[in-house]
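Here's the structure, in C-alpha cells; my notes come after.
Since the model is a prediction, treat every value here as computed from it, not as a measurement. To find a chain, count down the sequence lines: A is the first, B the second, and so on, and within it residues start at 1.
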Protein chains: 4
Amino acid sequence: MTPSVPEGPGIVKNEYSFYIVDMPRVSEAHLEQRRQQILDAARACFIRKGFHETSMQDIFAEAGLSAGAVYRYFKSKTEIVESISSEAISMMGGALYEIVAEHPPPPPEEAMERLMAHMLENGESYLNSFTLAPQVWSLAMHDSGYRNNIANVLRPVHALWTTYAENLRDAGMLPPDSDPEAVSRTLLALVPGFMLQRVILGGISPETLRDGLYALRHSTAATDSSS
Amino acid sequence: MTPSVPEGPGIVKNEYSFYIVDMPRVSEAHLEQRRQQILDAARACFIRKGFHETSMQDIFAEAGLSAGAVYRYFKSKTEIVESISSEAISMMGGALYEIVAEHPPPPPEEAMERLMAHMLENGESYLNSFTLAPQVWSLAMHDSGYRNNIANVLRPVHALWTTYAENLRDAGMLPPDSDPEAVSRTLLALVPGFMLQRVILGGISPETLRDGLYALRHSTAATDSSS
Amino acid sequence: MTPSVPEGPGIVKNEYSFYIVDMPRVSEAHLEQRRQQILDAARACFIRKGFHETSMQDIFAEAGLSAGAVYRYFKSKTEIVESISSEAISMMGGALYEIVAEHPPPPPEEAMERLMAHMLENGESYLNSFTLAPQVWSLAMHDSGYRNNIANVLRPVHALWTTYAENLRDAGMLPPDSDPEAVSRTLLALVPGFMLQRVILGGISPETLRDGLYALRHSTAATDSSS
Amino acid sequence: MTPSVPEGPGIVKNEYSFYIVDMPRVSEAHLEQRRQQILDAARACFIRKGFHETSMQDIFAEAGLSAGAVYRYFKSKTEIVESISSEAISMMGGALYEIVAEHPPPPPEEAMERLMAHMLENGESYLNSFTLAPQVWSLAMHDSGYRNNIANVLRPVHALWTTYAENLRDAGMLPPDSDPEAVSRTLLALVPGFMLQRVILGGISPETLRDGLYALRHSTAATDSSS
DNA sequence: TATGAATGAGGTTTCATTCAT
DNA sequence: CATGAATGAAACCTCATTCAT
C-alpha cells in the first residue's frame with residue numbers, strides 16, 4: 001500500500017506520515033544572504049551616521065526587517081558593530097601581500113602609492129572604510145576587546161611591511177645597517193594619516209604620498225641625524 | 001515679622017530664604033575657574049570612559065557639582081565635548097613652530113622625533129590626547145562641524161610643515177624640483193599612525209620614527225619611481 | 001515532468017514537494033503521546049525556571065520540537081501552563097480517598113503522615129509539585145479562572161476530609177458536638193504549610209506533622225476555649 | 001558692607017555670594033514620602049495584577065510619576081518587588097510575640113484564632129498580604145535570594161512558636177514527652193493553608209481554625225498512633 | 001503535518017536636560 | 001548663583017505567536 005514516491009535529497013520517511021519533505025525550510029544560502037542583508041544595512045547606517053548615532057531601529061528600517069528578524073542573526077548591537085568593524089579593519093592585507101612579494105621590491109613610494117590606491121578603490125566606493133576606521137579606532141580606545149581585535153589584524157600587516165623592509169635592505173635599497181622594524185613601523189604609520197587627511201582636509205591622493213616619499217628618499221646625505 | 005535687614009543694591013529678597021546677597025557678582029576669574037573645573041572633570045571622564053560612555057551624571061560627580069551648575073557654564077554635553085575636542089586637537093602647534101623656525105632646518109627624522117617626543121610629554125602624561133584624538137576623529141566623520149573644527153586646526157599645522165619642507169628644499173636638503181606640499185602631507189600623515197600604533201600595537205617610540213625616516217632617506221637612488 | 005505517482009485517497013499533491021502521503025492520519029495514540037511529550041518538556045522547564053521565566057523557546061528546545069509543532073497541540077502558552085497546573089493540583093486525591101475510606105478511620109496524625117508521605121513520593125521525585133504548587137497559587141491570586149480551577153479540585157478534597165472528620169466523630173474519636181467542617185478545614189490547611197516549610201525552611205517531614213498533631217491531640221482538657 | 005543677615009541652620013556663607021541657603025532642596029521627609037508613594041503605587045498594582053503582570057509603566061501611572069523619578073528611588077523593578085515582598089512577609093511577628101509571652105499560655109486554638117484575626121486586620125484591609133504572600137512564595141521557588149529572605153523572616157517566627165510550645169508543655173498542657181519542635185512546625189504550617197483557603201475556597205475564618213483545633217485537642221485518647 | 005523565520009508590540013532602563021526651590 | 005528632583009523620549013532587546021514553505 002506504500003505508494004512509490006520518488007526518494008531523493010530532502011524527501012525523508014518518518015513514522016507519522018510516510019513521507020515528509022525535510023528540505024531545510026530556507027536554504028543555507030538564504031540564511032547567509034539575510035546576514036549579509038543585515039550587515040549591509042548596518043554598514044550603510046554606520047557610514048551615514050556613525051555607530052553610536054545609529055539605533056537598532058535605523059538598522060531594522062534600512063534592512064527592511066523586523067527587530068526579531070535581526071536579533072535572530074545577531075544577538076546584540078555590539079555583535080553587529082563588531083562584525084562591521086572586523087570587516088573594515090581586515091580589508092587591507094591582499095594588495096599589500098602582492099606588493100611585498102615582488103622581486104625586486106618596488107621602491108617605498110611606489111609600494112605606498114599602490115596600496116593607497118587599492119584602499120581607495122575598495123574603500124571609498126564599496127566599504128567606505130575611511131569613514132568606519134576612525135570609529136573603530138575610537139572604540140578601541142576604551143574596549144580592550146576591540147583593541148586586541150585590531151592588534152591581531154594589524155600584526156600580520158606589520159609583519160608584511162617588515163618583510164618588505166628586509167627585502168628592500170637585502171636588495172641594497174636601504175642602508176645595510178638600517179632597522180627593518182623601524183622602516184616597517186614608519187610606513188605603517190602613514191596609512192591612518194592618509195585616511196584622515198583624505199576625509200578631513202582633502203587634497204591628498206596616493207600620488208601625494210608617492211611624491212612626498214620620493215622627495216624624502218632623495219634628500220641629500222648632508223643632513224643626517226641617526227642614532 | 002520680617003527681620004529688619006538693610007535692603008540695598010545687591011541685596012535681594014526671595015521667597016525661600018529671606019535674604020540672599022546677590023552682590024559681588026562672582027569675579028570673571030572665578031567663572032573661568034569653574035569652567036576649567038568642569039572641563040577637567042569632563043576630560044578625566046572622557047579619557048577614562050570615552051565620550052559616549054560618559055554620562056552627564058559622571059561629569060557632575062567628577063566635578064563635584066550639580067547638574068544645574070554645570071549647565072550654567074555649558075549649555076549641552078555637546079558643547080563640553082567640543083571644548084575638550086578643540087583643546088585636544090590644538091595641542092600640537094607650539095613645538096612644531098619652534099622646530100620649523102630653526103635655521104638650518106633639522107633633518108626630517110629629527111624634526112619628527114622631537115615632535116613626537118613633545119606630544120608624548122604633553123599628551124600621555126597630562127592630556128592623554130592619544131586616547132582623545134581618535135574619538136575626535138570619529139566624531140568628525142559624521143559631523144561637519146567637528147570636521148571643520150579639526151580642519152581649521154590642522155591647516156596651520158599643515159602650513160608649518162609646508163614651510164618646513166620649503167626650508168628643507170631651499171637649504172638644498174631636498175631635490176630642487178620636489179613638491180613641498182607633498183612632503184608636508186607625508187610628514188603630517190605620520191602623526192596619527194604613530195599615535196595609534198602607540199596605543200594599539202605598542203612598541204613604537206619617537207626613535208622608531210626617527211630611525212625609519214633616516215633609513216628611508218638613505219636608500220640608494222638606484223630604485224626610483226617618481227612621476 | 002511530474003513523475004507518475006499514483007494518486008489516491010490520502011495522497012495529495014502540494015506546491016512545495018510534489019507528493020506527500022497524507023494517509024495514516026497519525027493515530028489518536030500518537031497525538032496523545034505528542035501532547036505528553038510537550039507537557040513533559042514544559043513541566044521540566046517550569047520546575048527548573050518557573051512559569052514566567054520559561055519562554056516558549058525553552059519549551060521547544062526541551063521538547064525537541066518546532067514552534068509550529070507545539071502550537072498545533074496547544075494554542076497558547078497559557079494553555080500549557082493550565083494543563084501543568086491542573087495536573088499539579090489534582091495529584092492528591094487518590095491517597096486521601098483510601099485513607100478516608102478506612103474503618104475505623106486512622107487517627108488524624110496517622111492520616112496526615114500517610115498523606116504527606118504519599119505527596120512526597122509522587123511529588124518530589126516525580127512531579128515536583130512542591131515547586132509547582134506555589135506558582136499555581138500565585139496565578140490563582142489574579143486569575144479567577146485558575147482560582148476556580150483550584151477551587152474545583154479542592155472541593156472534593158475538602159469533602160473527603162469532611163467525611164473523614166465525620167467518621168472520626170461517629171467513631172467517638174472526636175467530641176460529639178464537634179464540627180466536622182472545622183476539623184476538615186484545619187487538616188486541609190496543614191498541607192500548604194507543610195509544602196512551603198519543606199522547600200523554604202527545610203527540617204520538616206511527615207513524622208514532624210504526625211508528632212505535632214499527636215501532641216496537640218493529647219493536651220490536657222484543663223485548658224479549653226471553645227465557642 | 002556685609003549686611004546683618006540672620007544665620008541659622010541651613011544658612012551658610014560661601015565664597016561667591018556671601019550667603020546662600022543650603023537647606024536641603026527637599027527635606028529628608030519628602031524623599032521618604034516619595035519612596036512610600038512609589039511603594040504604595042507598586043503594592044496597589046501588585047495586589048491588583050500581580051508582580052509579573054504589572055509593568056513599570058503601570059507603576060509610573062499609579063504613582064503619578066515619571067520613569068526617571070521612580071528610578072531615582074529604586075534602581076530596578078526587582079528592587080521594588082523585593083521591598084514589597086519583604087514588607088509583606090515581615091508583617092506577622094508582633095501579634096505572635098504578644099500571644100507567646102502570656103502566662104499561662106493561651107490554648108492553641110485561642111492562640112491561632114487571635115493570630116489569624118490579627119493577620120486579617122492588618123492584611124486584608126491594609127496590606128492584602130493574603131494576595132501578595134503566594135506571589136512571594138512563588139518567587140522563592142526559583143530564586144534563592146527570596147528563599148533566604150523568607151527563611152530569615154520565618155525562623156524567628158518559628159522560634160516564637162517553639163517557645164510557645166515549650167511553655168504549653170511546661171504548663172502541663174501538652175504531654176511531658178511531646179516535642180515542642182513538632183508542635184511548633186505543625187502550628188506554623190496552618191498559616192499558609194488558612195490564607196489560601198481564605199482566598200481560593202472562602203468559607204474559612206479564624207473561628208474555623210479555633211473550632212477545628214479545639215475538636216482535635218479533645219479527641220479521645222482511644223485512638224493513638226505516636227512513634 | 002512540521003518547520004522555523006519572521007513579526008512587532010511591549011518590556012525595562014538610561015540619560016540629557018529643565019526648573020522650582 | 002546653586003541645587004537636584006523630575007521629566008520623558010528613546011534606547012536595546014525579548015518573546016508569544018503566525019504562516020509561507
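Nearest-nucleotide positions on DNA chain F place A:Glu53 closer to the 5' end than the other of C:Glu53 and A:Glu53. Ranked by how close their nearest DNA chain F nucleotide is to the 5' end, C:Thr78 and D:Val70 are led by D:Val70. In this structure, D:Tyr71 and A:Gln57 both approach DNA chain E, and ranking their closest nucleotides by distance from the 5' end singles out A:Gln57. Along DNA chain E, the nucleotide closest to A:Gly64 and the one closest to D:Gly68 are compared, and the more 5′ of them pairs with A:Gly64.
When rounded to the nearest whole Å, the span between CG of D:Leu31 and P of F:dT3 equals 17 Å. The nearest whole Å value for the distance from the CD1 atom in C:Ile59 to the P atom in F:dA16 is 8 Å. Taking atom CZ of C:Phe51 as the reference point, atom C1' of F:dA16 lies 17 Å away to the nearest angstrom. Atom OH of D:Tyr73 and atom P of F:dG4 are 12 Å apart (whole Å). Rounded to a whole Å, the CZ atom of C:Phe60 is 8 Å from the C1' atom of F:dA16. As a whole-Å value, the separation of A:Leu65 CG from E:dG8 P is 11 Å. Following rounding to the nearest Å, D:Ile38 (CD1) and E:dT13 (C1') show an atom-to-atom distance of 15 Å. Summarising the geometry, the separation between CZ on A:Arg35 and C1' on E:dA5 is reported as 16 Å, rounded to the nearest angstrom.
Although no hydrogens or angles enter the test, the distance criterion places no donor-acceptor pair under 3.5 Å between the side chain of D:His142 and the main chain of C:Phe51. A donor-acceptor contact shorter than 3.5 Å is absent between the side chain of B:Asp40 and the backbone of B:Gln37. Proximity of a side-chain donor or acceptor of B:Ser138 to a complementary backbone N or O of A:Ser138 within less than 3.5 Å is not detected.
Nearest to the side chain of D:His30, among F:dA5, F:dT7, E:dT7, sits F:dA5. Side-chain proximity of C:Met56 to the nucleotides F:dA16, E:dT17, F:dA5 is greatest for F:dA16. Taking the side chain of C:Ala67 as heavy atoms from C-beta on, and the options E:dA5, F:dA5, F:dG8, the nearest nucleotide is E:dA5. Comparing F:dA6, E:dA2, F:dC12 by their closest approach to the side chain of C:Arg34 singles out E:dA2.
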TODO: Kindly indicate, with the supporting measurements, whether the criterion side-chain contact (heavy atoms from CB on, under 4.5 Å) is fulfilled by C:Tyr73 and C:Ile80.
DONE: CA-CA 9 Å; C:Tyr73 293 91; C:Ile80 296 179; over 6 Å; no

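Remark: D:Arg72 is not in phosphate contact with F:dA6, judged by side-chain N or O atoms under 4.0 Å from OP1 or OP2. Of the side-chain N and O atoms in C:Ser66, one or more sit less than 4.0 angstrom from OP1 or OP2 of E:dT3. Residue D:His52 places none of its side-chain N or O atoms closer than 4.0 Å to OP1 or OP2 of E:dG10.
Considering only heavy atoms from C-beta on, D:Glu53 comes within 4.5 Å of C:His52 through its side chain. Residues C:Tyr146 and C:Glu82 form a side-chain contact, since some pair of their non-hydrogen atoms from C-beta on lies under 4.5 Å apart.
Remark: F:dC13 base-pairs with E:dG10. Criterion, Watson-Crick or G-U wobble with two distances under 3.5 Å. Base pairing of E:dA20 is made with F:dT3, judged by Watson-Crick or G-U wobble geometry with both donor-acceptor distances under 3.5 Å.
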